[in-house]
2 protein chains.
Amino acid sequence: MHPPMAKDPIAEVQKNWQRHGWVSAAAPAATVTAIMRTQQILLGRAQEILKPFDLTFARYEVISLLSFSREKRMPMNKASQLLQVHPTSITNAVDRLEAAGLVERQPHDSDRRAILLVLTQEGKRIAEQATEVLNTELFEQTGFTTEEIEDLNRILANFRERAGDFTR
Amino acid sequence: MHPPMAKDPIAEVQKNWQRHGWVSAAAPAATVTAIMRTQQILLGRAQEILKPFDLTFARYEVISLLSFSREKRMPMNKASQLLQVHPTSITNAVDRLEAAGLVERQPHDSDRRAILLVLTQEGKRIAEQATEVLNTELFEQTGFTTEEIEDLNRILANFRERAGDFTR
DNA sequence: TACCAACTATAGGACTTCCAAGTATATTCG
DNA sequence: CGAATATACTTGGAAGTCCTATAGTTGGTA
């Protein structure tokens with residue numbers, strides 16, 4: 001979108017913060033900005049890779065989740081919890097996945113409020129293919145070293161736990 | 001949005017990946033997911049804090065950038081580059097900031113294609129207040145340790161450099 | 001048993017992001 | 001100099017996120 005800049009803009013922001021005397025906030029402010037930017041870059045790469053499958057990352061996450069589940073099916077509220085997004089985001093994604101024939105909505109046996117998401121054959125195929133390509137073109141080439149990945153996974157898991165994502 | 005879960009859902013995904021034999025992709029896949037989730041949590045906190053100012057984080061970034069600039073003004077394309085977002089995102093944010101009276105569009109002296117963003121007095125006040133609150137309520141309480149912040153800043157700066165954000 | 005609180009999914013709305021296309025202005029170069 | 005190319009911004013559209021409110025179900029309890 002933009003060519004590389006001469007200086008790291010986030011480092012510049014950190015200097016600004018320090019120059020204004022907000023010493024203790026400067027470094028974490030840079031961290032927050034860097035996390036947001038990193039997410040943007042990774043998401044962009046994923047979307048690019050998924051484009052040939054007519055998938056977005058949000059929709060990929062849904063069919064990937066289903067394809068990993070034992071029964072290839074799952075209630076919507078469980079998908080919402082596992083993917084940690086708002087229930088309406090699942091509704092939105094499923095509307096499109098259903099239109100594309102990758103997923104079906106089926107009634108739940110015992111709870112008439114709930115809806116079961118079921119992966120179609122086509123959905124299973126696409127999920128497996130997309131996972132394959134994401135593995136080789138994104139996850140195996142993130143640009144992080146093995147050590148960095150370990151550090152990130154440890155640090156971010158602690159953060160998410162403290163933020164109330166899960167208990168241990 | 002959701003109560004804490006019994007297990008870390010991202011760690012579960014990592015196990016799934018390994019169970020399917022994608023050993024080398026498992027850990028980085030967890031990293032990517034963790035970064036996205038962390039961004040979501042931090043963004044949510046920021047939006048919550050900014051709500052009383054009638055600001056979103058995207059709009060805060062624009063007025064914060066202006067308020068740190070020497071002249072309290074800047075061409076739109078420069079703001080787009082520094083914030084590393086698509087030009088249309090700046091247009092969108094500025095439309096709303098202008099409607100709220102925090103920013104004005106002014107013609108550029110020498111380039112009639114360009115538009116100067118100028119912070120109003122009110123915009124300057126709001127930017128300073130919002131920064132103050134974000135500092136105390138978000139950046140000084142991220143939940144990261146000092147060491148984790150150093151690690152993250154180093155690791156993510158390397159990543160962003162390799163991704164072409166800037167050169168050194 | 002009858003009621004009420006909690007839960008499941010959806011509709012509608014606000015906001016953000018990106019992309020593609022279009023307009024106007026600058027710049028470069030034959 | 002004038003044509004071609006590049007740059008700056010806007011418009012319209014697709015998609016995602018979250019929120020609030022609502023309809024239907026469920027399940028505990030008075």
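In what follows, chains are A, B, ... by sequence order, proteins preceding strands, each numbered from 1.
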Between [X] and [N], is there a side-chain N or O to OP1/OP2 distance below 4.0 Å?
X: B:Thr88; N: C:dC18; value: no
X: A:Arg113; N: D:dG27; value: no
X: B:Ser89; N: C:dT16; value: no
X: A:Arg112; N: D:dG24; value: no

Original post:
When all nucleic acid strands are considered with a 4.0 Å heavy-atom cut-off, which category describes A:Arg96: base, sugar-phosphate, or nothing?
Top reply: sugar-phosphate
**OP:** Answer with yes or no after comparing the ring centroid distance for B:Trp22 and A:Phe139 against a 6.0 Å cut-off, counting only values under it.
**Re:** no
Original post:
Has B:Glu140 got more than 12 heavy atoms of other residues, nucleotides or ligands less than 6.0 Å from its CD?
Top reply: yes
Just how far is it from atom [atom1] of [X] to atom [atom2] of [Y], taken to the nearest 0.5 Å?
X: B:Ser80; Y: B:Met74; atom1: OG; atom2: CE; answer: 11.5 Å
X: B:Met76; Y: B:His108; atom1: CE; atom2: NE2; answer: 13.0 Å
X: A:Lys15; Y: A:Ile10; atom1: NZ; atom2: CD1; answer: 13.0 Å
X: A:Leu43; Y: B:Met36; atom1: CG; atom2: CE; answer: 4.5 Å

**OP:** Go through residues 74-84 of chain B and report each residue with a non-hydrogen atom lying under 4.0 Å from DNA chain D, sorted by number.
**Re:** B:Met76, B:Asn77
**OP:** May I ask you to list the residues of residues 40-64 of chain A, by number, that have any heavy atom positioned under 4.0 Å from an atom of DNA chain C?
**Re:** A:Gln40
**OP:** On DNA chain D, check which nucleotide each of A:Ser110 and A:Val85 is closest to and give me the residue with the more 5' one.
**Re:** A:Val85
Protein-nucleotide distance ([X], atom [atom1]; [N], atom [atom2]), rounded to Å:
X: A:Ile90; N: C:dA11; atom1: CD1; atom2: P; result: 15 Å
X: A:Asp95; N: C:dA9; atom1: CG; atom2: C1'; result: 11 Å
X: A:Gln39; N: C:dT16; atom1: CD; atom2: C1'; result: 12 Å
X: A:His86; N: D:dC19; atom1: NE2; atom2: P; result: 5 Å
X: A:Asn92; N: C:dG13; atom1: CG; atom2: P; result: 15 Å
X: B:Ile115; N: D:dT7; atom1: CD1; atom2: P; result: 18 Å
X: B:Met36; N: C:dT17; atom1: CE; atom2: P; result: 16 Å
X: A:Asp111; N: C:dA6; atom1: CG; atom2: P; result: 17 Å

Subject >> For the student: nearest non-hydrogen atoms of A:Glu161 and A:Phe166, plus distance >> reply: CG-O, 3.5 Å
Original post:
Can you name the closest pair of heavy atoms from A:Asn153 and B:Ala30 and give their distance?
Top reply: OD1-C, 3.8 Å
Original post:
Could you go step by step and tell me if B:Asp165 and B:Gln84 meet the side-chain hydrogen bond (donor to acceptor under 3.5 Å, both in side chains) rule?
Top reply: CA-CA 8 Å; B:Asp165 268 11; B:Gln84 299 179 281; 3.0 Å; yes
